[in-house]
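Data first, discussion second: the structure below is written as structure tokens.
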Amino acid sequence: MEYLEKDGLLYPQLAIAEPEDDKPLTKYGTIYKKYLKEEHPGRYAILTQNLELMAVCHRVEREANEYEDNLLSQLRKEHPAPKTDDFMETVQYNNWLYKTAEEMTLENVVYPSR
């Protein structure tokens with residue numbers, strides 16, 4: 001630990017880390033929190049009581065976002081975009097890509113016990 005000398009006294013240099021729990025949840029964290037509350041109320045209550053709920057939701061959110069990013073890259077390699085000038089076909093491809101990644105992320109990361 002580092003100390004700062006001031007007026008002949010040593011004061012410890014303490015830093016307060018910003019807790020991740022203060023950040024608002026995004027898509028997958030919110031979905032996971034709702035899932036816990038509705039499907040696993042006992043675990044939800046324990047996590048809430050131990051003040052661990054938001055940390056767990058943020059962890060699942062981080063894992064889900066990483067999984068989805070990796071999955072999108074993999075899907076793009078396996079199923080390349082159509083070489084066409086048709087705008088609607090490109091939109092349809094992108095919609096399929098994101099919906100597939102979202103569905104697989106929900107199934108494999110957010111709702112693992114289903």
Side-chain angles (χ1 to χ4, degrees):
M1 182 176 279
E2 293 184 27
Y3 292 88
L4 175 68
E5 185 178 348
K6 191 172 188 180
D7 298 328
L9 297 174
L10 293 175
Y11 294 95
Q13 295 295 78
L14 302 176
I16 299 174
E18 289 187 31
E20 192 177 58
D21 300 349
D22 290 344
K23 296 179 186 174
L25 294 172
T26 58
K27 177 181 174 181
Y28 291 118
T30 304
I31 292 171
Y32 183 71
K33 184 177 175 184
K34 182 178 177 187
Y35 165 72
L36 273 181
K37 189 174 186 176
E38 293 174 358
E39 301 294 326
H40 301 282
R43 183 160 189 246
Y44 180 87
I46 289 170
L47 289 172
T48 303
Q49 185 177 16
N50 294 339
L51 304 174
E52 297 174 356
L53 178 65
M54 292 302 285
V56 170
C57 290
H58 280 290
R59 181 183 51 79
V60 169
E61 182 176 88
R62 224 178 11 261
E63 290 173 7
N65 287 330
E66 289 173 13
Y67 183 85
E68 184 179 54
D69 290 343
N70 293 335
L71 192 56
L72 282 169
S73 297
Q74 183 181 347
L75 286 171
R76 282 190 181 105
K77 288 177 186 173
E78 292 175 7
H79 305 280
K83 297 184 188 309
T84 180
D85 291 334
D86 185 9
F87 177 74
M88 289 309 294
E89 191 172 337
T90 304
V91 169
Q92 184 179 13
Y93 165 78
N94 285 323
N95 286 341
W96 171 82
L97 196 70
Y98 285 104
K99 285 297 180 185
T100 302
E102 178 185 41
E103 184 178 321
M104 292 177 75
T105 301
L106 288 171
E107 182 179 319
N108 296 322
V109 179
V110 179
Y111 307 134
S113 62
R114 279 190 177 180

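Being a predicted model, the structure only gives us computed values, none of them experimental. Sequential numbering from 1 along the given sequence is applied to the chain's residues.
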Does E89 reach the main-chain N or O of P82 with its side chain, forming a donor-acceptor pair under 3.5 Å? no
Side-chain contact, heavy-atom cut-off 4.5 Å: Q74 with N70? no
Does the side-chain contact (heavy atoms from CB on, under 4.5 Å) test come out yes or no for L10 and L4, once each step is laid out? CA-CA 5 Å; L10 293 175; L4 175 68; over 6 Å; no
Minimal heavy-atom distance between P41 and E39, with the atoms involved, is CD-C, 3.5 Å
Value for CG (L72) from NZ (K77), rounded to nearest 0.5 Å, stands at 12.0 Å
Taken to the nearest 0.5 Å, the spacing of D86 CG from Q92 CD works out to 9.0 Å
Heavy atoms of other groups near N95 CG, more than 12 under 6.0 Å: yes
Verdict with reasoning, H79 to Y93, per side-chain hydrogen bond (donor to acceptor under 3.5 Å, both in side chains): CA-CA 9 Å; H79 305 280; Y93 165 78; over 6 Å; no
Shortest non-hydrogen contact between L9 and Y11, atoms and distance: CD1-OH, 3.6 Å
Sub-6.0 Å ring centroid separation between Y111 and Y35: yes
Shared-cluster residues of F87, by chain and number - hydrophobic side chains joined below 4.5 Å: M88, V91
Would you say the side chain of K23 lies within less than 4.5 Å of the side chain of M54, judging by non-hydrogen atoms? no
Indicate yes or no: does K27 engage E61 in a salt bridge with an N to O separation below 4.0 Å. no
For E63 and R59: C-alpha separation, side-chain torsions, deciding distance, then whether salt bridge (Lys or Arg N to Asp or Glu O under 4.0 Å) applies. CA-CA 6 Å; E63 290 173 7; R59 181 183 51 79; 3.2 Å; yes
Considering only NZ, NE, NH1 and NH2 on the basic side and carboxylate oxygens on the acidic side, decide whether E103 and K99 come within less than 4.0 Å. no
Would you check, one step at a time, whether the test side-chain hydrogen bond (donor to acceptor under 3.5 Å, both in side chains) holds for Y28 with E68? CA-CA 10 Å; Y28 291 118; E68 184 179 54; 2.7 Å; yes
Are I46 and L36 connected into the same hydrophobic cluster when the rule is that any two of I, L, V, M, F, W, Y join if their side-chain heavy atoms are below 4.5 Å apart? no
Can you tell me how far apart OH (Y32) and NE2 (H58) are? Round to the nearest 0.5 Å. 13.5 Å
What distance do E52 atom CD and L47 atom CG have between them, rounded to the nearest 0.5 Å? 6.0 Å
Between CG of N108 and CG of L71, what distance do you get to the nearest 0.5 Å? 8.5 Å
Contact summary for R76 and Y98, nearest pair of heavy atoms: NH2-OH, 3.0 Å
Is there a side-chain contact between C57 and L53 (heavy atoms, below 4.5 Å)? yes
Rounding to 0.5 Å, atoms NZ (K33) and CG (L25) come to a distance of 6.0 Å
Heavy-atom count check: over 12 atoms from other residues, nucleotides or ligands less than 6.0 Å from E78 CD? yes
